[in-house]
Amino acid sequence: LSLLFTEFVQGQEKAVCKVSYQFKHLRDTVTRYVHTEDMTLLIGKNMSVYSSQTKYIQDSIRTKAYADAEQNGGTVNLGVVQPVTQESFFVSIPGKQIITQTTFRRNIYLIHDPLEEIRWKILSETKKIKGYTCQKATTYFKGRYYEVWFTVELPLSYGPWKLQGLPGVILEATDNKNEVQFFCTA
């Protein structure tokens with residue numbers, strides 16, 4: 001495993017900030033199906049990890065249900081299982097890399113990529129989000145035009161998914177078609 005991944009997993013990189021997001025993604029433009037999920041961004045001094053909080057909760061419930069069934073000899077009722085984002089994204093700005101952890105057919109894969117520099121245009125417009133004064137920035141990244149709101153009150157250059165590189169944490173991001181949205185919830 002990469003040093004970046006193992007540092008966060010083994011607790012050598014301590015989280016100094018946690019941001020929760022509601023993630024919305026228009027996954028089907030014909031039926032207009034919008035996938036909604038709770039996501040978490042943990043930020044350390046040298047890296048961040050962005051992953052599905054919904055997946056974490058569902059996996060915890062599933063693990064407990066299996067253990068209870070095994071111990072008591074019962075059946076497992078998982079109820080309704082919501083579709084979730086399978087990938088987690090580890091970003092190291094100092095290390096200039098991003099590692100995507102994904103699962104395919106019960107195997108875990110780590111995909112290492114160089115961190116892309118995002119060309120941000122920082123604007124003077126401001127607004128409050130969760131008590132933080134945020135500033136607007138825009139960019140074109142991965143085929144989409146994004147408008148984001150970041151706060152220098154949290155002077156760490158990370159954000160949800162692969163969005164990073166501003167002088168503060170990104171608390172809100174939307175593409176210009178509102179097909180991809182990240183809203184800070186806590």
Side-chain angles (χ1 to χ4, degrees), residues 2 4-5 7-9 13-27 34-56 84-102 110-186:
S2 91
L4 172 72
F5 180 75
E7 280 183 2
F8 227 116
V9 170
E13 174 76 14
K14 302 294 182 202
V16 296
C17 181
K18 176 184 175 182
V19 183
S20 299
Y21 298 92
Q22 181 182 63
F23 168 59
K24 293 183 178 185
H25 180 214
L26 179 66
R27 293 217 171 148
V34 177
H35 171 77
T36 302
E37 188 171 355
D38 294 326
M39 306 295 285
T40 300
L41 176 68
L42 293 176
I43 304 170
K45 289 181 183 178
N46 298 306
M47 70 181 75
S48 71
V49 61
Y50 177 74
S51 59
S52 171
Q53 182 67 21
T54 304
K55 180 181 183 318
Y56 174 78
V84 293
T85 301
Q86 294 296 322
E87 296 84 18
S88 293
F89 300 93
F90 295 81
V91 174
S92 171
I93 292 173
K96 296 183 179 174
Q97 68 175 325
I98 183 166
I99 300 171
T100 304
Q101 177 186 329
T102 190
L110 298 176
I111 303 162
H112 297 252
D113 287 308
L115 190 61
E116 294 181 50
E117 181 180 338
I118 301 174
R119 291 194 166 98
W120 293 102
K121 180 178 181 182
I122 298 176
L123 306 171
S124 60
E125 190 176 339
T126 63
K127 74 175 183 178
K128 288 274 192 182
I129 299 174
K130 298 294 180 187
Y132 292 100
T133 300
C134 294
Q135 191 170 349
K136 185 177 183 179
T138 59
T139 194
Y140 182 78
F141 181 65
K142 299 284 187 187
R144 296 179 187 272
Y145 290 97
Y146 284 96
E147 173 183 294
V148 305
W149 295 89
F150 68 97
T151 180
V152 295
E153 294 172 36
L154 299 170
L156 302 159
S157 296
Y158 297 98
W161 183 55
K162 298 177 180 183
L163 300 173
Q164 45 70 32
L166 286 163
V169 174
I170 297 170
L171 297 184
E172 187 174 297
T174 58
D175 76 330
N176 67 328
K177 295 180 181 178
N178 289 322
E179 293 177 350
V180 177
Q181 303 172 330
F182 306 88
F183 297 105
C184 176
T185 58

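Keep in mind it's a predicted model, so treat the numbers as computed, not measured.
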side-chain hydrogen bond (donor to acceptor under 3.5 Å, both in side chains) assessment of Thr126 paired with Lys136: CA-CA 6 Å; Thr126 63; Lys136 185 177 183 179; over 6 Å; no

Which value, rounded to the nearest 0.5 Å, describes the distance between [X] atom [atom1] and [Y] atom [atom2]?
X	Y	atom1	atom2	answer
Leu166	Trp149	CG	CH2	12.5 Å
Thr102	Leu110	OG1	CG	10.0 Å
Phe90	Ile111	CZ	CD1	12.5 Å
Leu41	Gln53	CG	CD	12.0 Å
Lys130	Glu172	NZ	CD	10.5 Å
Asn178	Lys24	CG	NZ	9.5 Å

Check [X] against [Y] and note the closest heavy-atom contact, atom names and distance.
X	Y	result
Lys55	Ser52	N-OG, 2.8 Å
Phe150	Pro167	CE1-CG, 3.7 Å
Pro114	Ile98	O-CG2, 4.1 Å
Ile129	Cys184	CG2-CB, 4.3 Å
Leu115	Ser92	CD2-O, 3.7 Å
Pro94	Tyr158	CD-OH, 3.8 Å

Intermediate values then yes/no, side-chain hydrogen bond (donor to acceptor under 3.5 Å, both in side chains), Ser88 and Gln101: CA-CA 5 Å; Ser88 293; Gln101 177 186 329; 5.1 Å; no

Between Glu87 and Thr100: side-chain donor-acceptor atoms closer than 3.5 Å: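 Note: Glu87 and Thr100 side chains miss the donor-acceptor criterion.
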
Any donor and acceptor pair, going by atom type alone, linking the side chain of [X] with main-chain N or O of [Y] inside 3.5 Å?
X	Y	result
Gln164	Glu116	yes
Thr138	Glu147	no
Gln135	Leu123	yes
Tyr21	Leu171	no
Gln22	Thr36	no

Parallel, tilted or perpendicular: rings of Tyr146 and Trp161 (30°, 60°):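 The arrangement is tilted - the two ring planes meet at 30° to 60°.
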
May I ask you to test the [X]-[Y] pair for a side-chain heavy-atom distance under 4.5 Å?
X	Y	result
Met39	Phe182	no
Val91	Tyr50	no
His35	Phe23	yes
Asp38	Thr185	no

Heavy atoms from other residues, nucleotides or ligands near OH of Tyr132 exceed 12 (cutoff 6.0 Å):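 Result for OH/Tyr132: open.
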
Lys96, NZ: over 12 other non-hydrogen atoms inside 6.0 angstrom: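 No, because the 6.0 Å sphere around NZ of Lys96 holds 12 heavy atoms or fewer from other groups.
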
Listed partners of Thr139 passing side chain to side chain donor-acceptor pair (under 3.5 Å), at least two apart: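 Thr139 satisfies side chain to side chain donor-acceptor pair (under 3.5 Å) with no residue once adjacent residues are dropped.
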
Test log, rule side-chain contact (heavy atoms from CB on, under 4.5 Å), inputs Thr133 and Lys128: CA-CA 5 Å; Thr133 300; Lys128 288 274 192 182; 3.1 Å; yes

Qualifying residues under side chain to side chain contact (heavy atoms under 4.5 Å, CB included), relative to Lys18, sequence neighbours excluded: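 So Lys18 forms a side chain to side chain contact (heavy atoms under 4.5 Å, CB included) with Ser20, Thr40, Leu42.
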
